[in-house]
Asker: 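Would you mind keeping the following structure in view while I ask a few things?
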Amino acid sequence: MLRWTEIESRAVQFQKQWKNCIGDERQEAQTFEKDLMNVFGVDFRDGLHEYQIRLKDGSIGYIDYLIPGKILIEMKSKGKSLTRAYSQAMDYIHALKPEEIPKLVMVCDFNKIEVYNLEKDHRYKPFKVTQLKQHVRIFGIIAGYGTTDETQTEIELNTDASYKMAKIHDALKENGYIGHNLEVYLVRLLFCLFADDTGIFEKGSFQKYISESKEDGSDLSMRIMLLFSILDTPKDQRMTNLSEELNRFRYINGHLFSEKLPPAFFDKKMRQIILECCDFNWSEISPAIFGAMFQGIMDQDKRRELGAHYTSEENIMKVIGPLFLDDLYDEFERSKNTIKELNLFHDKIANLKFLDPACGSGNFLILTYQKLRELEFEILKYLYDMGVNQQMAMINAIYTRVHINQFYGIEYEDFACEIAKVSILLMKHLMDQEVSNYFGMNIIDFPIKENASIIYGNALQLEWDDLTAGNLNYILGNPPFIGAEYQTKEQKNDMRALFGKKAKLKNLDYVASWFIKAMQVMNNNIWVKAAFVSTNSITQGEQVETLWTHLLNNDIIIDFAYKTFKWSNEAKGKAAVHCVIIGFSKAYNNSNHKYLYSSNGTLTNGKNISPYLVDAPNVIVNEARSSLGGMPKMMKGNQPTEGGFLLLSSEEKEELLSKDPKAEQWIKRFMGAREFIQGKERYCLWFADADIREVRKHPLLMKRIENVREMRLASSDAGTRKKADTPWLFRETNNPEKSLVVPATSSEKRRYIPIGYVDQSVILSNAVLTVPDGDLVLYALLTSNVHMAWMRVVAGRLKSDYRYSAFIVYNTFPFPKLEDNMKLKLEKTAGNILKARELYSDWTLGDLYDDTIMPPELRRAHIANDRVVWETYGKIWNITSEEDCIAYLMKRYKELTQEN
């Protein structure tokens, strides 16, 4: 088994050998695989080349290279899709015997390598063939190291790094080193650790400096303070008799070490913690996660999730890819023909300006900078290859022109600002290092000469144009999501200043303010484009009217969007938020292609993306107090507001009756959305039609009523206090003979919201909506896929669940005009649905409407009903998609509102 140093040495030779290959799968794949195995000391003959296998569909496939139980390699020619290569590799794996299934899958196009760890269900970050040395430890299994720490995933490495820094934090804090001083001290230590492993310092020099302190740690405080001072002192200003030990550390600048800090004193244990941190390979940690790392370190409540807080590259790419990066790469492909075209394109990207107005610790800016530098790197390599005089071409090629001063940020927390500045500097160093390694020249840029313009402040109170002197190109980021009920007075004032005094802000999320600020920038510069991650609530329900009326009136259009998905990371224990991504600009930037991504990433091209994130006209559905189609009134069920004293679980009901059997006359089934759908049993004490004098004879009941009275009197709500006068009654007392019931909340996984009927023996809660005595015609219309399509677009959401509303969904629905013959048809199809449900009377509605196990009789009945409902609009059954249906309904809605 080779030592890692030998493997790394062989990897360098491999990189040189394959740097300028043709990249032909047929001619070079076997030689590439042989050379790669040699890097790890593996005899190529230990594996299987062109291994024939019968796939699940019966066809024959050939695996490029397989070492059973270890690795499968699938090669493609340069420029071919690695996504397709991975799909092909997985087809092979599904056909392998269990003992042959590898732990690693590698796909490669002779330029880029992607590795998947099947055992850990993890995709490693793709890297170039010329970067193999930095990533050899991913392949520890084939080198004979097995599944050890050498094959840690990025998440595992980040978590490990976070815990090591957390140990330093805890040790310093326990000894009284706290607050701002502790924050700055930790940032400086992290910089030194990173610098020691990435070539900013001579490799290992910081570790050696720490290790040469006294074992008891008594002199370590002074040694570190001296080092911080030296790092802030230019070489020509240092004393001539400074020890070589300190003088070998380069001047850093950038104000990172300029602030004077009190000394932090160390003991033996604390010194050992620092040395353990020095043993860690910090070059494997991306600067993009430093801010999230510190968030977890400084907040002990989040310590259990260390390493889980950063925003993954995959999620950020959903924003920056369609916003600008995809277009830039397309333009790069068109510019490869001549040096002049490449230089012009290089000029363009070197002058782009980016702003993240809620940048936090800089994740979006760092990755944007990294991706722009990677694109520039490709330009430089082409310029080098096209140069007539290679030496002159090399000098020109390594002249990088994408600078961090093209990147701007605003952040409300000052410490996050500092982390962002340091992190983007370190990313710059890594990119400089990559270019240097490729061209064999040193362009490492220390002392620091430039900084990103990241300022501390309230983004909603600043003029974004002022930061870039009006030269902004792209606005991007993940502004804060804060629901109306959680907003501070200052935040509400910020929103009021932006939206105006008359705007309905009662339920609007704080994130909407960033859309308005971006719109204001676009009003001054029509070529600016923006993309934000947002809570999905701004594309649903009443928030659409409040926000998008402003935006559409200012000619803002949506260029691309991701529908609701969970914004999360790969780490365990992470919290997921239901989000959308919206890219937008002025209509003058209008493109014929509107890219709409579903929650699973499927892409569709549309003509127009509406505020509801569907391919439909820009129609905004406003709240309505009555039905546009003249349908019966829909209302909420009964709101108890009784502190739980009039509600009973099954157990409480039985206990009450065991003590007072005559109380049964006032007990009724109580049904909200959960009870209606899942068949759960709950009960209530219903005294609306009782002689309260009779109730007085029951002490247990009166005790409950007295508790309700006390609860209502103690309320801060005036309406609730008034109801203390009748404590035996719910706030509402509606109990018709028959009610058509629609649950207010229902799972997004259902194709149809379960709708049905209950009689007077059931008291409906305010968690359902009801139409008293609603007939079968109305039932048929509401349970149709036409109405469900409308609901899915305009309803609000609770996380990802549907929130049905009378004012937004029911009253605004463009009901069809019905002839008597169509009413008869609808009554029949509605009756057939109810009959199909009766065949499964022991099933709950939740079971019946689980789309996976929905009974075939019920499904057929619904499909038949859907056809008839669609006919009522004068349409035959030829609708091709739900989007087509929505486009038609939006058109009808617009016509109906104009008529009224």
Asker: Flag the pair Tyr86 / Glu74 as yes when at least one side-chain heavy-atom distance between them is below 4.5 Å, and no otherwise.
Answerer: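 Of all side-chain heavy-atom pairs linking Glu74 with Tyr86, none is under 4.5 Å.
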Asker: Looking at residues at least two apart in the chain, or sitting in another chain, which of them share a side-chain contact (heavy atoms from CB on, under 4.5 Å) with Ala95?
Answerer: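 Ala95: side-chain contact (heavy atoms from CB on, under 4.5 Å) contacts with Ile53, Leu55.
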Asker: Tell me whether the centres of the aromatic rings in Phe560 and Tyr595 are closer together than 6.0 Å.
Answerer: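 Centroid distance Phe560-Tyr595: not below 6.0 Å, so no.
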Asker: Please determine whether ring-ring contact (aromatic ring centres under 6.0 Å, His included) holds for the pair Phe354 and Phe364, giving the CA-CA distance in whole Å, both sets of side-chain angles, and the decisive distance to 0.1 Å.
Answerer: CA-CA 10 Å; Phe354 300 84; Phe364 279 79; over 10 Å; no
Asker: Specify the closest pair of heavy atoms between Leu613 and Tyr562, including all atoms of both residues, with the distance to one decimal.
Answerer: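 In terms of heavy atoms, the two residues are closest at CD1-O, 3.8 Å.
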Asker: Please determine whether a side-chain nitrogen of the Lys or Arg among Arg750 and Glu748 lies less than 4.0 Å from a carboxylate oxygen of the Asp or Glu.
Answerer: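 Salt bridge flag = no for Glu748 with Arg750.
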Asker: In Å and rounded to the nearest 0.5 Å, what is the CE to CZ distance from Met854 to Arg859?
Answerer: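 Rounded to the nearest 0.5 Å, the CE-CZ separation comes to 5.5 Å.
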Asker: Walk me through it: do Tyr116 and Tyr124 pass the test ring-ring contact (aromatic ring centres under 6.0 Å, His included)?
Answerer: CA-CA 6 Å; Tyr116 301 80; Tyr124 294 98; 8.9 Å; no
Asker: My understanding is that only one of Leu118, Ile73, Val115 makes a side-chain contact (heavy atoms from CB on, under 4.5 Å) with Leu104; could you say which?
Answerer: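 Answer to the side-chain contact (heavy atoms from CB on, under 4.5 Å) test with Leu104 among Leu118, Ile73, Val115: Val115.
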Asker: Evaluate side-chain contact (heavy atoms from CB on, under 4.5 Å) for Cys108 paired with Phe32, printing each intermediate quantity in order.
Answerer: CA-CA 10 Å; Cys108 176; Phe32 183 95; 3.7 Å; yes
Asker: Taking atom types as modelled and ignoring hydrogens, do the side chains of Lys128 and Gln15 form a donor-acceptor contact shorter than 3.5 angstrom?
Answerer: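 No - no donor-acceptor pair under 3.5 Å links their side chains.
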Asker: With heavy-atom distances below 4.5 Å as the criterion, would you say the side chains of Ile93 and Pro102 are in contact?
Answerer: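 Contact flag for Ile93/Pro102 side chains = yes.
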Asker: How would you list, by chain and number, every residue that makes a side-chain contact (heavy atoms from CB on, under 4.5 Å) with Glu333, sequence neighbours excluded?
Answerer: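 Glu333 satisfies side-chain contact (heavy atoms from CB on, under 4.5 Å) with Lys336 only.
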Asker: State, yes or no, whether a side-chain contact exists between Phe139 and Ile141 at a heavy-atom distance under 4.5 Å.
Answerer: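 Not in contact.
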Asker: Would you give the length of the straight line joining atom NE2 of His346 to atom CZ of Phe332, rounded to the nearest 0.5 angstrom?
Answerer: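 Result: 10.5 Å between the selected atoms.
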Asker: Taking all non-hydrogen atoms of both residues into account, name the closest pair between Lys164 and Cys277 and its distance.
Answerer: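 Minimum heavy-atom separation between Lys164 and Cys277: O-SG, 3.5 Å.
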Asker: Would you call the rings of Phe44 and Tyr65 parallel, tilted or perpendicular, taking 30° and 60° as the class edges?
Answerer: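 Geometry flag for Tyr65 against Phe44: parallel rings.
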Asker: Check this for me, if you would: do Asp432 and Lys428 make a salt bridge, where the nitrogen-to-carboxylate-oxygen distance has to be below 4.0 angstrom?
Answerer: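 Lys428 and Asp432: salt-bridged.
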Asker: Where is the tightest heavy-atom contact between Leu342 and Ser335, given as atom of each residue plus distance?
Answerer: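 Scanning both residues, the minimum pair turns out to be CG-O, 3.3 Å.
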Asker: Would you check if Arg137 and Ile7 make a side-chain contact, meaning some heavy-atom pair closer than 4.5 Å?
Answerer: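 SC-SC contact between Arg137 and Ile7 ruled out.
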Asker: Is it true that Lys749 and Asp850 make a salt bridge, defined as a side-chain N closer than 4.0 Å to a carboxylate O?
Answerer: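 No.
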Asker: Are side-chain heavy atoms of Glu33 and Asp64 found at a separation under 4.5 Å?
Answerer: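 Result yes, sub-4.5 Å side-chain heavy-atom pair found.
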Asker: Are the charged groups of Lys381 and Glu378 less than 4.0 angstrom apart, N to O?
Answerer: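 Yes, Lys381 and Glu378 are salt-bridged.
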Asker: Have Glu6 and Ser9 got a donor and an acceptor in their side chains that come within less than 3.5 Å?
Answerer: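 No donor-acceptor contact under 3.5 Å links the two side chains.
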Asker: Let me know which of Ile63, Ile67, Val107 forms a side-chain contact (heavy atoms from CB on, under 4.5 Å) with Leu72.
Answerer: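 That would be Ile63.
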Asker: Aromatic ring centroids of Phe127 and His135 under 6.0 Å?
Answerer: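 So the answer is yes for these two rings.
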Asker: Look only at the side chain of Asp196 and the backbone of Gly204, and say whether a donor-acceptor pair between them is shorter than 3.5 Å.
Answerer: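 Yes, because the side chain of Asp196 sits within donor-acceptor range (under 3.5 Å) of the backbone of Gly204.
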Asker: Does a donor on one side chain and an acceptor on the other come within less than 3.5 Å for Trp18 and Asp35?
Answerer: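 Yes - a donor-acceptor pair under 3.5 Å links their side chains.
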Asker: Go through it in stages, so that I can follow the logic: the residues are Val136 and Arg10, the test is side-chain contact (heavy atoms from CB on, under 4.5 Å), and I'd like the CA-CA distance, side-chain angles, deciding distance and then a yes or no.
Answerer: CA-CA 10 Å; Val136 289; Arg10 291 186 179 200; over 6 Å; no
Asker: Apply side-chain contact (heavy atoms from CB on, under 4.5 Å) to Leu66 and Ile71, showing your working.
Answerer: CA-CA 6 Å; Leu66 173 71; Ile71 190 169; over 6 Å; no
Asker: Assess whether a salt bridge exists between Arg751 and Asp851, defined as any Lys/Arg side-chain N lying under 4.0 Å from an Asp/Glu carboxylate O.
Answerer: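 Salt bridge: yes.
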Asker: Quick check for you: to the nearest 0.5 Å, what is the distance between Phe206 atom CZ and Trp282 atom CH2?
Answerer: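 It comes to 10.5 Å.
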Asker: So, Asn38 side chain and Asp43 main chain: donor-acceptor pair closer than 3.5 Å or not?
Answerer: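 Side chain of Asn38 to backbone of Asp43: no pair is present.
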Asker: Start with the C-alpha gap between Tyr51 and Tyr62, add the side-chain angles, then the distance that decides, and say whether ring-ring contact (aromatic ring centres under 6.0 Å, His included) holds.
Answerer: CA-CA 5 Å; Tyr51 181 46; Tyr62 294 89; 9.5 Å; no
Asker: Show the nearest heavy-atom pair for residues Thr198 and His429, with the distance to one decimal.
Answerer: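 Taking every non-hydrogen atom into account, O-NE2, 2.6 Å.
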Asker: Looking at every heavy atom in both Val402 and Leu372, which two are closest together, and how far apart are they?
Answerer: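 Smallest heavy-atom distance, with atoms named: CG1-CD2, 3.8 Å.
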Asker: In terms of side-chain geometry, is the basic nitrogen of Arg401 or Glu376 positioned less than 4.0 Å from the acidic oxygen of its partner?
Answerer: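 Salt bridge absent between Arg401 and Glu376.
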Asker: How many angstroms lie between CG in Leu132 and CG in Leu36, if you round to the nearest 0.5 Å?
Answerer: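 If we round to the nearest 0.5 Å, Leu132:CG and Leu36:CG are 6.5 Å apart.
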Asker: Under 6.0 Å from the six-membered ring centre of Phe14 and within 45° of its axis: does the NZ or CZ of Lys19 meet both?
Answerer: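 No cation-pi geometry.
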Asker: Please determine whether a side-chain nitrogen of the Lys or Arg among Glu434 and Arg373 lies less than 4.0 Å from a carboxylate oxygen of the Asp or Glu.
Answerer: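 No, this pair does not count.
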Asker: Is any side-chain heavy atom of Tyr369 less than 4.5 Å from a side-chain heavy atom of Ile404?
Answerer: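 Yes, side chains in contact.
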Asker: For Asn536, what residues pass the side chain to side chain donor-acceptor pair (under 3.5 Å) criterion, not counting sequence neighbours?
Answerer: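 With neighbours one apart ignored, the set is Thr564.
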Asker: Just how far is it from atom CD of Glu28 to atom OG1 of Thr31, taken to the nearest 0.5 Å?
Answerer: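 Between atom CD of Glu28 and atom OG1 of Thr31 there are 7.5 Å.
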Asker: Supply the atom-to-atom distance Leu193 CG to Asn281 CG, rounded to the nearest 0.5 angstrom.
Answerer: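 One finds 11.5 Å between CG of Leu193 and CG of Asn281.
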Asker: State, with a plain yes or no, whether a side-chain heavy atom of Cys21 is found less than 4.5 Å away from one of Lys78.
Answerer: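 Of all side-chain heavy-atom pairs linking Lys78 with Cys21, at least one is under 4.5 Å.
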Asker: So which atom in Ile142 and which in Lys70 form the shortest heavy-atom distance, rounded to 0.1 Å?
Answerer: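 Scanning both residues completely, I find the closest heavy atoms to be CG2-CB, 4.0 Å.
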Asker: Do Leu328 and Leu352 come close enough that some side-chain heavy atom pair is under 4.5 Å?
Answerer: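 Yes. Closest side-chain heavy atoms under 4.5 Å.
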Asker: Side-chain donor-acceptor pair under 3.5 Å between Glu374 and Gln370, yes or no?
Answerer: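 Yes, side-chain donor-acceptor contact under 3.5 Å.
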